[in-house]
Amino acid sequence: SKELGRNSFQMYKASMNARSLERLSMQSRFQSALENGEFELYFQPLKCLVSGRITSLECLLRWHDPNLGMISPAQFIPLAEELGLIVKLDEWVIDRACAQLAHWQKMNIDVRHLAINVSAQHLTQGDLVNSLHNALSKYELEGNQIELELTEGCFISNFQCAKDVLSSVKKMGVSIALDDFGTGYSALSYLTKLPIDILKIDPSFIAKIPDEYGNSEIVSAIVAMAKALKLHVVAEGVEKQEQMRFLQKLGCHAMQGYLYCKPLSQAAWCEFYQAEKLI
Ligand code: C2E
Ligand code: CA
Ligand code: CA
Ligand code: CA
């Protein structure tokens, strides 16, 4: 009867827990955030420890929620992954990053490499090769202007698939960086089994230099190993002069961190670049 139908609907409603309601509202909020331009790219330059010049620029996503203010990617990226929205977000980042790079080229802002973070899911879902290819041709860029940053997590669920995607990406001239190095699992075998060009040492190792026993030794071993494997090695999260000097002595190639420059908006980055050019 009609009454029974209404009752079972009530029961269904009651069983729909807070979690799924939250998911539903987050999904529509993400969608509208994309449409309303609430996402913005920030940029953090990496400095060469030999020449002192900018070697590349990492794109870091920001979300300005009209009610909540700025939400950190450390919060919303895992959520976007869980909700299956990360590929769409990554694709948006790739398009915007390439548009920006082409725009800077016209302004004579010489960004040698633009580094884009890619989520693990993007290697098995979606079509990373195609979205990169499209963006490169749309904005008339060369593959060798782009670096993709991946974490070890990318290779755990589907190694062969990830490896194939990376090989195709490499054929376009794009470089691959292994992000957060030293915090994941079986990283050492990935270094020889995958076409990796750059190692980014996790900031947790750098932060404890020089105070905590063992960290300097670990960093020094990572740098030595990277160089033996002919990889470019970058230290992340460099905040102190002393850390920079230590890395320089080791022969680490580049550094990234608040000591040199924090992530900047597009306008602030252009100012930073102009000021840096005069030095
Ligand atoms: P990540 O790729 O390891 O990025 C480096 C993080 O370290 C950034 O945090 C950056 O702001 C921060 N950082 C830079 N220098 C320093 C320093 O000297 N000290 C400290 N304490 N932190 C520093 P952010 O921007 O909050 O991003 C967090 C993470 O979110 C990123 O970690 C990355 O995994 C993810 N993410 C950011 N943008 C994107 C994106 O466009 N796509 C994807 N898939 N993930 C992104
Ligand atoms: Ca990164
Ligand atoms: Ca990192
Ligand atoms: Ca990370």
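By convention here, the first residue in the shown sequence is residue 1. Counting starts at 1 for both ligands and their atoms, in listed order.
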Check each of [options] against [atom] and report the one with the nearest heavy atom.
atom	options	answer
atom 15 (N) of ligand 1	Lys262, Glu149, Lys240, Gln44	Gln44
atom 37 (C) of ligand 1	Ala235, Cys59, Pro73	Pro73
atom 13 (N) of ligand 1	Tyr42, Tyr258, Trp63, Tyr260	Tyr258

Aromatic rings His64 and Tyr42: how do their planes relate, parallel, tilted or perpendicular, breaks at 30° and 60°?
tilted

What I want to know is whether Ile86 and ligand 1 share at least one N or O pair that is separated by under 3.5 angstrom.
no

Below 3.5 angstrom, do we get any N/O pair linking Glu239 and ligand 1?
yes

Point-to-point distance, once rounded to the nearest 0.5 Å, from [atom1] of [X] to [atom2] of [Y]:
X	Y	atom1	atom2	value
Ile209	Arg245	CD1	CZ	13.0 Å
Ser265	Glu271	OG	CD	8.0 Å
Leu150	Lys200	CG	NZ	11.5 Å

Hey, is the Ca ion (ligand 3) within less than 3.0 Å of some N/O/S atom on Asp202?
no

Just checking, is any N or O donor in the side chain of Glu35 or Gln31 under 3.5 Å from an acceptor N or O on the other one?
yes

Of all the heavy atoms in Pro203, does at least one lie under 4.0 Å from an atom in ligand 1?
no

Using heavy atoms and a 4.0 Å limit, tell me yes or no: is Glu58 in contact with ligand 1?
yes

Those atoms of ligand 1 less than 4.0 Å from some heavy atom in [X]:
X	result
Arg62	11 (O), 24 (P), 25 (O)
Pro263	11 (O)
Gly237	17 (C), 18 (O)
Asn117	2 (O), 39 (C), 40 (C), 42 (N), 43 (C), 44 (N), 45 (N), 46 (C)
Val93	41 (O)
Asp180	3 (O)

Surrounding [atom1] of [X] (heavy atoms of other residues, nucleotides or ligands, distance under 6.0 Å), is the total greater than 12?
X	atom1	value
Lys88	NZ	no
Gln160	CD	yes
Arg53	CZ	no
Glu217	CD	yes

Let me check your reading of the structure: within less than 3.0 Å of the Ca ion (ligand 2), is there an N/O/S atom from Glu149?
yes

Backbone or side-chain N/O/S of Asp179 under 3.0 Å of the Ca ion (ligand 2)
yes

At under 4.0 Å between heavy atoms, which part of Asp90 makes contact with ligand 1: side chain, backbone, both or neither?
side chain

Record the part of Asp179 in heavy-atom contact with ligand 1 below 4.0 Å; permitted values are side chain, backbone, both and neither.
side chain

Among the N/O/S atoms of Glu58, which is closest to the Ca ion (ligand 2)? Give the atom name.
OE2

Among Gln256, Gln44, His113, which residue meets the side chain to side chain donor-acceptor pair (under 3.5 Å) test with Glu58?
Gln256

Keeping the roles fixed (side chain from Asn117, backbone from Cys59), state whether a donor-acceptor pair exists under 3.5 Å.
yes

Does Asp110 form a salt bridge (charged side-chain N to carboxylate O under 4.0 Å, His left out) with Lys277? I'd like the steps, not just the answer.
CA-CA 10 Å; Asp110 175 29; Lys277 230 174 45 176; over 6 Å; no

